[in-house]
**Student:** 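I'd like to ask some things about the structure below.
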Amino acid sequence: MYKNYRPNNLKEALDWMAEHKLIPVAGGTDLMIRARNWQGASRAMKGDVIYIQHLDELRFITETETDYHIGAGVTQAQFCQCDMLPDYAREVVGQMATPAIRNAATIGGNIANAASVADLLPLLYAADAKIVLRSRDSRRVLPIQSFEIGKYKTARRADELIFEVILPKLEIRRTLYKKMGQRRASILSKVSFMALEAEDGTRIAIGAVNDTVVRSKELEKRINEGGGVKSVLDGYKALLHGSDDKRSTKRYRERVVINLLMKWMEEKR
Amino acid sequence: MSEYQFVLNGEKRFIDCELSRRLLDVIRIDEGLTGTKEGCQEGECGACLVFIDDEIFNSCLVPMSNVVGKSVVTIEAYAKTEEYQRIERAFLEAGAVQCGYCTPGMVMAVSSLLRSGKPLDEDAVRMGLSGNLCRCTGYQTIFEAVCSLKESGGQDV
Ligand SMILES: Cc1cc2nc3c(=O)[nH]c(=O)nc-3n(C[C@H](O)[C@H](O)[C@H](O)COP(=O)(O)OP(=O)(O)OC[C@H]3O[C@@H](n4cnc5c(N)ncnc54)[C@H](O)[C@@H]3O)c2cc1C
Ligand code: FES
Ligand code: FES
């Protein structure tokens with residue numbers, strides 16, 4: 001049988017996590033499914049758990065001159081409703097899941113879960129977001145690329161919680177976001193494509209194809225310099241490793257990515 | 001007795017079960033309130049929707065820890081409100097109920113849409129109900145019922 005810990009505040013949570021190996025539970029929209037069991041039966045958690053959804057210290061959205069700071073406990077619904085945050089980011093979150101799931105699901109949970117289909121990740125990659133991790137004795141700031149190290153794998157140590165996401169303020173001139181799935185709502189993405197044009201040019205992040213999000217500064221540079229379309233498309237094709245799975249086929253995904261890249265580059269001209 | 005409490009349909013309750021227990025199991029099994037339905041057990045179908053502090057949640061995914069200090073309202077209590085009765089009449093007028101399994105959850109999603117203040121156009125209604133599956137109606141009559149609420153649908157004559 002596992003133990004259930006419910007801390008009174010963040011300090012208590014981090015103290016307990018320093019002393020015991022605990023699985024954080026936020027909104028539960030990934031974890032409660034993974035722990036599913038018969039009606040009425042105890043949930044099949046894989047170890048002792050610590051509940052963090054009620055911690056107000058993880059629920060904040062603030063800004064500085066250069067960045068937005070979004071607490072890990074902010075729900076998708078709160079993110080969408082926050083006028084301070086930029087439209088391109090709210091649009092991505094507004095297309096995730098369903099209204100009821102968005103009331104429970106947190107930003108931190110999507111990032112920590114590190115699913116290859118997590119729809120927040122292409123946005124965070126394109127924006128060069130950073131993840132702030134806290135433990136009782138440390139605070140670490142990692143670029144999103146260094147945090148997401150594989151499918152369901154992150155650089156989080158067992159004693160750490162994601163504390164916040166730092167989303168840089170960009171001067172956005174143009175965006176193209178496309179979430180392709182079997183239907184429009186509540187669906188795992190076949191492709192989750194984010195293109196931004198910021199003050200320093202194009203940024204492209206492609207999710208749900210490889211184990212982690214695809215982003216290539218070299219190819220972006222080629223696009224910015226007006227390099228040949230074919231060489232750009234071939235460059236991206238070489239980066240897509242996904243295989244056929246129950247969500248889609250490799251061929252379909254490649255086609256979608258190529259079409260979106262062409263649309264993006266045509267609009268630029 | 002447990003240090004944790006929540007409010008269920010206006011009445012205070014102590015949480016004596018495991019904190020990982022699903023709110024859905026507490027409602028249906030421990031409290032015997034069977035108006036809230038269980039469909040998919042994985043957040044997809046919306047049959048298990050309840051209000052927590054006036055917002056809709058899939059109770060099949062909510063561990064009891066996440067309702068400590070909160071107010072939960074199930075369809076049994078919501079059915080006594082005027083807003084519910086208006087939605088019910090609109091559903092009846094449009095023939096939006098067949099087996100009825102999805103209906104409690106559907107009605108709660110409609111309520112949440114009404115409260116959001118969004119104009120009830122086709123797109124908003126479809127997005128608002130995107131987390132509720134119905135195996136019988138084909139949805140069209142449900143959309144009609146909801147759209148009728150923006151006129152006089154569901155008002156008593
Ligand atoms: C019907 C349905 C539709 C969905 N649709 C989408 C979709 O369109 N796009 C999408 O990307 N996802 C989708 N999801 C998945 C899920 O809702 C999201 O990944 C969500 O953001 C998870 O957040 P949570 O708070 O519920 O996480 P939880 O389930 O509580 O936790 C998920 C993981 O993160 C860890 N964790 C949570 N918070 C922290 C923290 N602060 N620090 C460290 N670790 C932490 C947990 O230990 C766990 O491993 C959907 C889920 C459902 C049920
Ligand atoms: S039973 Fe909860 S969403 Fe289907
Ligand atoms: S009326 Fe039967 S599931 Fe909707």
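A note on names: the letters A, B, ... follow the listed sequences, proteins ahead of strands, and every chain is numbered from 1.
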**Student:** For residues B/Leu24 and B/Arg28, determine if any side-chain heavy atom of one lies less than 4.5 Å from a side-chain heavy atom of the other.
**Tutor:**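 In contact.
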
**Student:** Nearest 0.5 Å please: distance from the CD atom of A/Glu91 over to the OG1 atom of A/Thr175.
**Tutor:** 6.0 Å

**Student:** Could you tell me which residues in residues 70-81 of chain A have at least one non-hydrogen atom under 4.5 Å from a non-hydrogen atom of chain B, sorted by residue number?
**Tutor:**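 Expected list: none.
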
**Student:** Taking the side chain as every heavy atom from C-beta outward, state whether A/Glu148 and A/Lys153 have any atom pair closer than 4.5 Å.
**Tutor:** no

**Student:** Does some side-chain heavy atom of A/Tyr177 sit less than 4.5 Å from a side-chain heavy atom of A/Gln95?
**Tutor:**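 Yes; the side chains approach each other to less than 4.5 Å.
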
**Student:** What residue, out of B/Leu61, B/Leu113, B/Val62, has the most heavy-atom pairs lying under 4.5 Å from chain A?
**Tutor:**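 Sorted descending by pairs with chain A, the first entry is B/Leu61.
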
**Student:** Can you tell which part of B/Met108 gets under 4.5 Å to a heavy atom of chain A, answering side chain, backbone, both or neither?
**Tutor:** neither

**Student:** Aromatic ring centroids of A/Phe60 and A/Phe163 under 6.0 Å?
**Tutor:**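 For A/Phe60 and A/Phe163, the ring centres are under 6.0 Å apart.
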
**Student:** A/Pro99, A/Gly28, A/Gly40, A/Ala41: which one forms the most heavy-atom pairs within less than 4.5 Å of chain B?
**Tutor:**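 Looking at each of A/Pro99, A/Gly28, A/Gly40, A/Ala41 in turn, A/Gly40 comes out on top.
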
**Student:** Hey, mind stepping through B/Phe51 and B/Tyr78 against ring pair (Phe, Tyr, Trp, His ring centres under 6.0 Å) and telling me if it holds?
**Tutor:** CA-CA 9 Å; B/Phe51 295 121; B/Tyr78 180 58; 5.2 Å; yes

**Student:** Side chain, backbone, both or neither: which part of A/Arg36 has a non-hydrogen atom closer than 4.5 Å to chain B?
**Tutor:**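 Contact with chain B involves the side chain of A/Arg36 alone.
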
**Student:** Decide yes or no for B/Asn132 and B/Cys102: does some side-chain heavy atom of the first lie under 4.5 Å from some side-chain heavy atom of the second?
**Tutor:** no

**Student:** Chain A heavy atoms under 4.5 Å from B/Glu55: which part of the residue, side chain, backbone, both or neither?
**Tutor:**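 For B/Glu55, heavy atoms of backbone and side chain both lie under 4.5 Å from chain A.
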
**Student:** Is it the backbone or the side chain of B/Val68 that comes under 4.5 Å from a heavy atom of chain A, or both, or neither?
**Tutor:** both

**Student:** Find out whether B/Ser111 and B/Glu83 are in side-chain contact, i.e. whether some heavy atom of one side chain is under 4.5 Å from a heavy atom of the other.
**Tutor:**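 Result yes, sub-4.5 Å side-chain heavy-atom pair found.
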
**Student:** Under 4.5 Å, heavy atom to heavy atom, which residues of residues 101-111 of chain A contact chain B?
**Tutor:**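 Answer by number: A/Ile101, A/Asn103, A/Ala104.
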
**Student:** Does A/Glu267 pair with A/Arg174 as a salt bridge, N-O distance under 4.0 Å?
**Tutor:** yes

**Student:** Side chain, backbone, both or neither: which part of B/Ile29 has a non-hydrogen atom closer than 4.5 Å to chain A?
**Tutor:**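 Contact with chain A: side chain only.
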
**Student:** Which bit of A/Ala26 comes within less than 4.5 Å of chain B, counting heavy atoms only: side chain, backbone, both or neither?
**Tutor:**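 For A/Ala26, the contact with chain B is made by the backbone alone.
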
**Student:** Would you call B/Arg126-B/Glu122 a salt bridge at under 4.0 Å N-O?
**Tutor:**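 A salt bridge is present here (some side-chain N lies under 4.0 Å from a carboxylate O).
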
**Student:** Is there side-chain contact between A/Ser189 and A/Asp119, with heavy atoms separated by less than 4.5 Å?
**Tutor:** yes

**Student:** Taking atom types as modelled, find out whether A/Lys190 and A/Gln182 have a side-chain donor-acceptor pair closer than 3.5 angstrom.
**Tutor:**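 Yes - a donor-acceptor pair under 3.5 Å links their side chains.
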
**Student:** For the aromatic rings, using the six-membered ring if either is Trp, is the centroid distance between B/Tyr4 and B/Phe14 under 6.0 Å?
**Tutor:** no

